2 protein chains.
Amino acid sequence: MSKLYISYNQIHESIRDAVERYNINSDFKADLMVTITGGGLVPSRILRTFLDKRENRNVPIQAIGLSLYEEIELAQANGESGENIQVVKTQWLNPDEISLLGRRILLVDEVDDTRQTLAFAVKELLKEIEAEEVRKGLQPGESNTQLGVFVLHNKLKPKKRDLPDEIMNNYFACVEMPDQWLVYPWDAVDIQEHTKKASI
Amino acid sequence: MSKLYISYNQIHESIRDAVERYNINSDFKADLMVTITGGGLVPSRILRTFLDKRENRNVPIQAIGLSLYEEIELAQANGESGENIQVVKTQWLNPDEISLLGRRILLVDEVDDTRQTLAFAVKELLKEIEAEEVRKGLQPGESNTQLGVFVLHNKLKPKKRDLPDEIMNNYFACVEMPDQWLVYPWDAVDIQEHTKKASI
């Protein structure tokens, strides 16, 4: 599979373009980001720059960590399904620190490959929202919390998991692309060389 | 105050150089990063690329969030002390998810300005380590947990807070610099323009 090298500046610009193209600030109006540690860290920080502030404050970022996430990506890169790998939460949201209810939440990651990681994270976030609704005496869905997904790249390929329709209504991919091997700049050992390859 | 623009590639290279210069992989041997959300997100993800893997796995990253962190930085940018602003933890570590004991932890942030944020984070992390030691029936310090600090820039100016000596023994700044206004690439609206200014 051919490798596609992407530079930092290309990523930065594609995030800016996506926010504009999807009218995220006027339509989805995110007021909280949940970033998946590892892949989501750089994209979420750049995205923050382009999301409208709320009451003069940047949209906050909460991080979640999923172990075996890496192993899934690795297995897939090797042509294995990675389907039987169990995902474990290595960092999760603490309801005492952050309330999700009524928020407009963007889940951020770098790539939507087989959709397994995103599907797991979405399922767990929806459970978390419902649990908080129950704790606060609300019916499921009553808090009108919105959840969307923001990724740098969506690979156009058969997905191993689906996302619920209401999530796909707020699904934002900076770039849709064929199934290619992506090389992100943060993984580069020689960033000069990487940037040259990205400009071809 | 004059502005210093820094490009993504400059940051990427300065992290690689710092890991080598400080012999972090042979001396400190970090096996866990704790990144301060906002500033630390991009640096920690890049740093992961240059830290030796442990048992074939990347050094994990846990995120912590400090509210009013932004306000302190803003107040300082405006020449105010920001000293009376109270720091609140918006995301913290969960001992059920991650044990700190015996780890070699690098706390990661973008800039060490007045050292207030770092001092707060270090104090809270040391408390967390001691609390875990107590819970596990150990004496304070018995777990031999190591804590160090990694920042992109250390501004050479009077600091409002100090870090304990044992932390300063493992204090790694990619660049030490006079008190200038730093403009990081992730804050750029026009990244092409920003990169041009960074190359001057």
Side-chain angles (χ1 to χ4, degrees), chain A residues 7-16 32-50 53 56-65 67-71 74 88-94 96-98 108 110 184-195, chain B residues 7-16 32-50 53 56-65 67-71 74 88-94 96-98 108 110 184-195:
Chain A
S7 72
Y8 283 114
N9 284 11
Q10 286 166 348
I11 285 167
H12 194 100
E13 292 195 321
S14 75
I15 292 174
R16 188 194 58 191
L32 176 64
M33 276 181 273
V34 173
T35 186
I36 303 181
T37 295
L41 296 180
V42 181
S44 59
R45 180 56 190 84
I46 299 173
L47 180 55
R48 202 184 80 176
T49 295
F50 296 105
K53 292 189 180 199
N56 212 24
R57 300 184 69 154
N58 288 316
V59 172
I61 302 173
Q62 291 267 326
I64 57 173
S67 128
L68 303 192
Y69 167 68
E70 275 183 52
E71 277 78 353
L74 190 69
V88 174
K89 295 186 248 180
T90 55
Q91 180 163 30
W92 196 249
L93 307 173
N94 179 346
D96 293 336
E97 290 163 350
I98 182 84
V108 182
E110 56 186 16
Y184 287 110
W186 38 88
D187 282 319
V189 173
D190 183 336
I191 192 64
Q192 302 289 351
E193 192 61 32
H194 177 99
T195 307
Chain B
S7 72
Y8 283 114
N9 285 10
Q10 286 167 348
I11 285 167
H12 194 100
E13 293 195 321
S14 74
I15 292 174
R16 189 195 57 191
L32 176 64
M33 277 181 273
V34 172
T35 186
I36 302 181
T37 294
L41 296 180
V42 182
S44 59
R45 180 57 190 82
I46 300 173
L47 180 55
R48 201 185 79 176
T49 296
F50 296 106
K53 293 190 180 198
N56 213 23
R57 300 184 68 154
N58 288 316
V59 172
I61 302 172
Q62 292 267 326
I64 58 174
S67 129
L68 303 191
Y69 168 68
E70 275 182 53
E71 277 77 354
L74 190 69
V88 174
K89 294 186 249 181
T90 55
Q91 180 163 32
W92 195 248
L93 306 173
N94 178 345
D96 293 336
E97 290 163 351
I98 182 84
V108 182
E110 57 187 14
Y184 287 110
W186 37 88
D187 282 319
V189 173
D190 183 337
I191 192 64
Q192 301 291 351
E193 191 62 29
H194 176 99
T195 308

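Quick caveat, the model's predicted, so the values are computed rather than measured.
Heavy atoms only, all atoms of each residue included: Q91(B) and L93(A) are closest at NE2-CD2, 4.4 Å. Nearest heavy-atom pair across E97(A) and K89(B) is CG-O, 4.4 Å.
Judged by distance alone, the side chain of Q62(B) and the main-chain N or O of G65(A) form no donor-acceptor pair under 3.5 Å. The main-chain N or O of Y8(A) is never found under 3.5 Å from a side-chain atom of H12(B) such that the two would form a donor-acceptor pair.
A distance of 9.5 Å separates CG in D187(A) from CZ in F50(B), rounded to the nearest 0.5 Å.
Residues S44(A) and L41(B) have side chains in contact (heavy-atom distance under 4.5 Å, counting atoms from C-beta outward). Taking 4.5 Å as the limit, some side-chain heavy atom of R57(B) sits within range of a side-chain heavy atom of S67(A). Taking 4.5 Å as the limit, every side-chain heavy atom of I191(B) sits out of range of all side-chain heavy atoms of Q10(A).
Among the candidates T195(B), T49(B), N94(B), the residue making the largest number of heavy-atom pairs closer than 4.5 Å to chain A is T49(B). Among P185(B), S7(B), A188(B), the residue making the largest number of heavy-atom pairs under 4.5 Å with chain A is A188(B).
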